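Positions are given from 1 along the sequence. On a predicted model such as this, the values are computed, not experimentally measured, just so you know.
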Amino acid sequence: MSSYPLSLALQNFMPVLLSAAALWNFGRMLARDGATSAAAASIAMLLIVLGGSMKAFWKLLMSMWNIDVPLLSVALFPLIAPGFALLALTVLRVRASRAKLAIAAIVAVLLGSAVSATAGVTMWKMPLLTLLTTAMLACAIGLVRRARAERDSLSTVLVLTCTLTSFGLSGIAAAGAGSLSLQWTEQIVSTLGASALLWAAWRMRAAAAEKII
């Protein structure tokens, strides 16, 4: 990572900022479902944005001063996995009784990964990746349902585009660090996916606001 270019490190903040804006718009939309949904969406946004920001800052530190702060990098999945899981529960309007069971399962996954990491198990991220993948699919399903209910075909396409790019990025990440060109490709794909999500979020929030009016 000592040769990681500064331009690439700075560009990594772009999808984080775009995703934060998208999540803010979704939070405004979900607030219509009640105070509990609004609070859950806010917590989900905080976890996801914090995880992405910490990873971006880790790359920036490595690029500028070759300073490695492992916590900034390792915290990504432990933060975004439960964040997306909580967002999925909110988007799908899961009932309180089932939501409690789901949250208990999320906590169990986090504890299991933490224990595995402490014990030196190399595959400690697998439960988190499984949770993240499931949560992202659930979020996509919930958002597509809402978009289709409003007959918003464009938002449906945008959400699906973001979901496909996310799984493509997961495949690249699973392959490990690659060439500089591959890393730029990853960053560009990530930015496009986040842009699509922001566009969909803006449209869906605007549609929800029109209903109130």
Side-chain angles (χ1 to χ4, degrees), residues 1 4 8-27 30 39-63 67-91 102-103 105-118 123-140 142-143 159 162-163 165-177 183 186-198 201:
M1 285 292 295
Y4 199 83
L8 186 56
L10 291 174
Q11 203 281 334
N12 194 63
F13 284 93
M14 186 174 293
V16 175
L17 293 174
L18 291 170
S19 296
L23 291 168
W24 180 83
N25 278 278
F26 280 133
L30 294 170
S42 297
I43 295 173
M45 174 182 173
L46 176 62
L47 291 172
I48 296 170
V49 175
L50 181 59
S53 299
M54 290 176 71
K55 184 73 172 186
F57 275 112
W58 175 74
K59 291 183 178 181
L60 184 62
L61 289 174
M62 288 294 292
S63 173
I67 297 175
D68 184 12
V69 183
L71 177 62
L72 293 177
S73 177
V74 174
L76 178 64
F77 290 114
L79 288 174
I80 66 172
F84 273 104
L86 186 58
L87 183 62
L89 295 177
T90 308
V91 171
I103 291 174
I106 294 169
V107 172
V109 169
L110 291 174
L111 290 175
S113 294
V115 171
S116 299
T118 303
M123 300 295 287
W124 65 270
K125 289 183 181 179
M126 287 306 298
L128 293 174
L129 288 172
T130 301
L131 175 61
L132 178 60
T133 301
T134 304
M136 289 175 63
L137 280 173
C139 280
L143 291 174
V159 170
C162 178
T163 303
T165 58
S166 296
F167 284 116
L169 291 171
S170 298
I172 295 175
Q183 293 182 59
E186 179 183 2
Q187 288 297 102
I188 292 172
V189 170
S190 178
T191 301
L192 291 175
S195 298
L197 187 65
L198 175 56

Any residue meeting side chain to side chain donor-acceptor pair (under 3.5 Å) with Lys125, in chain and number order, not counting sequence neighbours
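In terms of side chain to side chain donor-acceptor pair (under 3.5 Å), with neighbours along the sequence ignored, Lys125 is linked to no residue.
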
So, taking the atom named [atom1] in [X] and the one named [atom2] in [Y], what distance separates them when rounded to the nearest 0.5 Å?
X      : Y      : atom1 : atom2 : result
Leu87  : Ile43  : CG    : CD1   : 12.0 Å
Gln183 : Asn12  : CD    : CG    : 10.0 Å
Leu17  : Ser53  : CG    : OG    : 7.5 Å
Leu192 : Met14  : CG    : CE    : 10.5 Å
Phe167 : Thr133 : CZ    : OG1   : 5.5 Å

For Ile67, all residues meeting side chain to side chain contact (heavy atoms under 4.5 Å, CB included), sequence neighbours excluded
Leu61, Trp65, Val69

Checking Leu110 now: which residues fulfil side chain to side chain contact (heavy atoms under 4.5 Å, CB included) with it, not counting sequence neighbours?
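For Leu110 the side chain to side chain contact (heavy atoms under 4.5 Å, CB included) partners, ignoring immediate neighbours, are Pro82, Ile106, Leu128.
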
Under 3.5 Å donor-acceptor, Ser190 side chain and Glu186 backbone:
no

Donor-acceptor check, side chain of Thr165 to backbone of Cys162, threshold 3.5 angstrom: yes or no?
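Judged by distance alone, yes, a pair lies under 3.5 Å.
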
Do [X] and [Y] make a side-chain contact, defined as non-hydrogen atoms from C-beta onward lying under 4.5 Å apart?
X      : Y      : result
Pro127 : Leu131 : no
Trp24  : Val49  : no
Trp58  : Leu76  : no

Can you give me the closest heavy-atom contact between [X] and [Y], atom names plus distance?
X      : Y      : result
Ser113 : Trp124 : OG-O, 3.2 Å
Ala88  : Ala135 : CB-O, 3.7 Å
Thr191 : Pro15  : OG1-CD, 3.6 Å
Ala9   : Ser63  : CB-CB, 3.9 Å

Any chance CZ of Phe57 has more than 12 other-residue heavy atoms, nucleotides or ligands included, within less than 6.0 Å?
no

Phe26 pairs by side chain to side chain contact (heavy atoms under 4.5 Å, CB included) with which of Val91, Leu197, Thr90?
Leu197

Sole residue of Leu18, Leu30, Leu46, Ile48 in side chain to side chain contact (heavy atoms under 4.5 Å, CB included) with Leu23
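It is Ile48, the one option of Leu18, Leu30, Leu46, Ile48 that forms the side chain to side chain contact (heavy atoms under 4.5 Å, CB included) with Leu23.
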
